[in-house]
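Worksheet: one structure, shown below.
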Amino acid sequence: MKIIVIGATGTIGRAVVELLATDHEVIRVGHSRGDFKVDISAGASIRKLFQDVGKFDALVSAAGSAKFGRLEQLQDEDYRVGLANKLMGQVNLVRVGREHMNDNGSFTLTSGVLSQHPMPGSASISMVNAGIEGFVRAAALEMQRGIRVNAVSPIWVKETMQAMGMDSSEGMPAEQVAQAYRASIMGQHNGEVLDVRQFV
Ligand SMILES: NC(=O)c1ccc[n+]([C@@H]2O[C@H](COP(=O)([O-])OP(=O)(O)OC[C@H]3O[C@@H](n4cnc5c(N)ncnc54)[C@H](OP(=O)(O)O)[C@@H]3O)[C@@H](O)[C@H]2O)c1
């Protein structure tokens with residue numbers, strides 16, 4: 001399979017690439033590094049990526065920024081980042097990418113645990129994650145040529161918690177998180193939000 005991984009240079013993306021690269025042709029895409037570069041918040045950049053890469057069988061998006069901050073702190077621009085980048089960036093990967101995807105392919109987007117289990121300061125991120133989950137459930141109803149679309153919902157990743165100086169004892173190693181992405185690509189899931197804890 002020819003599989004595009006967006007966010008391939010990140011904590012989760014690197015683990016997804018490592019898991020898939022032994023059996024598949026993996027195209028590593030980052031923002032500033034990788035086989036190809038893209039800015040998912042810019043439609044022209046997404047269109048160029050798909051023209052440059054050509055036909056493919058699966059796409060994983062392990063990218064997307066959104067701002068953490070309490071309600072009284074979050075400004076319009078903070079919400080705009082999450083909407084333009086993590087939400088519409090990933091939605092547009094599906095909207096544009098479906099024209100370039102082979103029959104029976106799959107999209108796997110990334111939401112996150114904060115959609116279902118919010119915390120103080122997560123309003124913008126929780127909103128965006130819930131938007132992604134709503135999108136895949138509905139978009140799956142209209143996909144054609146056997147194309148599937150799912151989201152993976154990671155919990156806190158151990159390596160991320162360590163990098164942030166947090167107690168990482170409850171975190172999940174990225175290599176375990178990656179299993180849910182493989183299940184989305186290789187299985188029959190469609191219109192589903194895959195909880196990473198079910199694939200360890
Ligand atoms: N890590 C966690 O604990 C956790 C938990 C729940 C959900 N998530 C979600 O999982 C996703 C990946 O998280 P992560 O921790 O692996 O992120 P990360 O380590 O910060 O990596 C981000 C990746 O996205 C790329 N990227 C950044 N801005 C981009 C843009 N505008 N267009 C295209 N690509 C861009 C980066 O490329 P460059 O390296 O070239 O900049 C990098 O490959 C995010 O949506 C995050 O919200 C993460």
Side-chain angles (χ1 to χ4, degrees), residues 4-19 26-50 52-53 59-69 78 80-94 96-97 107-119 121-133 135-136 150-181 184 193-197 199-200:
I4 301 174
V5 178
I6 314 278
T9 54
T11 308
I12 293 175
R14 275 198 309 270
V16 171
V17 168
E18 196 164 321
L19 184 64
V26 176
I27 312 295
R28 298 164 176 81
V29 182
H31 187 215
S32 57
R33 330 168 256 164
D35 303 329
F36 293 89
K37 295 175 197 162
V38 71
D39 178 359
I40 61 168
S41 67
S45 178
I46 291 177
R47 287 191 289 278
K48 180 169 189 326
L49 172 72
F50 287 121
D52 290 348
V53 172
L59 179 142
V60 166
S61 168
S65 306
K67 287 282 173 76
F68 194 84
D78 299 320
R80 200 195 63 77
V81 168
L83 292 171
N85 193 309
K86 185 161 182 177
L87 179 56
M88 285 313 298
Q90 296 197 89
V91 166
N92 285 335
L93 288 172
V94 176
V96 179
F107 291 96
T108 307
L109 308 184
T110 299
S111 61
V113 66
L114 293 172
S115 63
Q116 303 296 325
H117 301 284
M119 61 191 283
S122 77
S124 174
I125 300 178
S126 295
M127 173 187 77
V128 163
N129 286 348
I132 293 160
E133 294 176 2
F135 174 76
V136 301
N150 298 298
V152 167
S153 177
I155 61 169
W156 276 100
V157 176
K158 192 176 269 298
E159 291 89 336
T160 301
M161 298 179 98
Q162 287 165 347
M164 294 173 72
M166 298 164 68
D167 172 8
S168 64
S169 53
E170 300 287 313
M172 180 180 286
E175 66 172 352
Q176 291 182 10
V177 172
Q179 298 290 342
Y181 291 85
S184 173
V193 178
L194 307 187
D195 183 328
V196 292
R197 290 166 290 199
F199 297 90
V200 176

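Order of appearance sets the numbers: ligands from 1, and atoms from 1 within every ligand.
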Quiz item: Between Arg33, Lys37, Lys86, which one has a non-hydrogen atom sitting closest to atom 46 (C) of ligand 1?
Solution: Lys86
Self-check item: contact_flag Ala66 ligand 1 heavy-atom lt 4.0 Å
Solution: no
Self-check item: Nearest non-hydrogen protein atom, atom 13 (O) of ligand 1
Solution: Ile12 CD1, 4.1 Å
Quiz item: Does a donor on one side chain and an acceptor on the other come within less than 3.5 Å for Ser111 and Glu133?
Solution: yes
Exercise. Please say whether Gly112 places an N or O atom under 3.5 Å from an N or O atom belonging to ligand 1.
Key: no
Practice problem: Looking only at protein heavy atoms, identify the closest one to atom 2 (C) of ligand 1 and say how far it is in Å. | Solution: Val157 CG2, 3.5 Å
Quiz prompt | Heteroatom distance test (Val38, ligand 1): nitrogen or oxygen, under 3.5 angstrom | solution = yes
Exercise. Name the option, out of Ile155, Val152, Val113, that contains the heavy atom nearest to atom 5 (C) of ligand 1.
Key: Ile155
Quiz item: Does at least one non-hydrogen atom of Ile125 fall below 4.0 angstrom from an atom of ligand 1?
Solution: no
Exercise. Identify which of His31, Arg14, Arg28, Met166 has a heavy atom lying nearest to atom 35 (C) of ligand 1.
Key: His31
Quiz item: What do you think, any protein heavy atom under 4.0 angstrom from atom 20 (O) of ligand 1?
Solution: no
Quiz item: Got an N/O contact under 3.5 Å between Gly64 and ligand 1?
Solution: yes
Quiz prompt | Polar proximity ligand 1 side, Ser111 side, N/O cut 3.5 Å exclusive | solution = no
Exercise. Would you check whether Gly30 has a nitrogen or oxygen atom less than 3.5 angstrom from a nitrogen or oxygen atom of ligand 1?
Key: no
Practice problem: Report yes if some N/O of Ala63 lies less than 3.5 Å from some N/O of ligand 1; otherwise report no. | Solution: yes
Quiz prompt | Polar proximity ligand 1 side, Ser41 side, N/O cut 3.5 Å exclusive | solution = no
Quiz item: Taking distance alone, with no angle check, do Thr9 and ligand 1 share an N/O pair under 3.5 Å?
Solution: yes
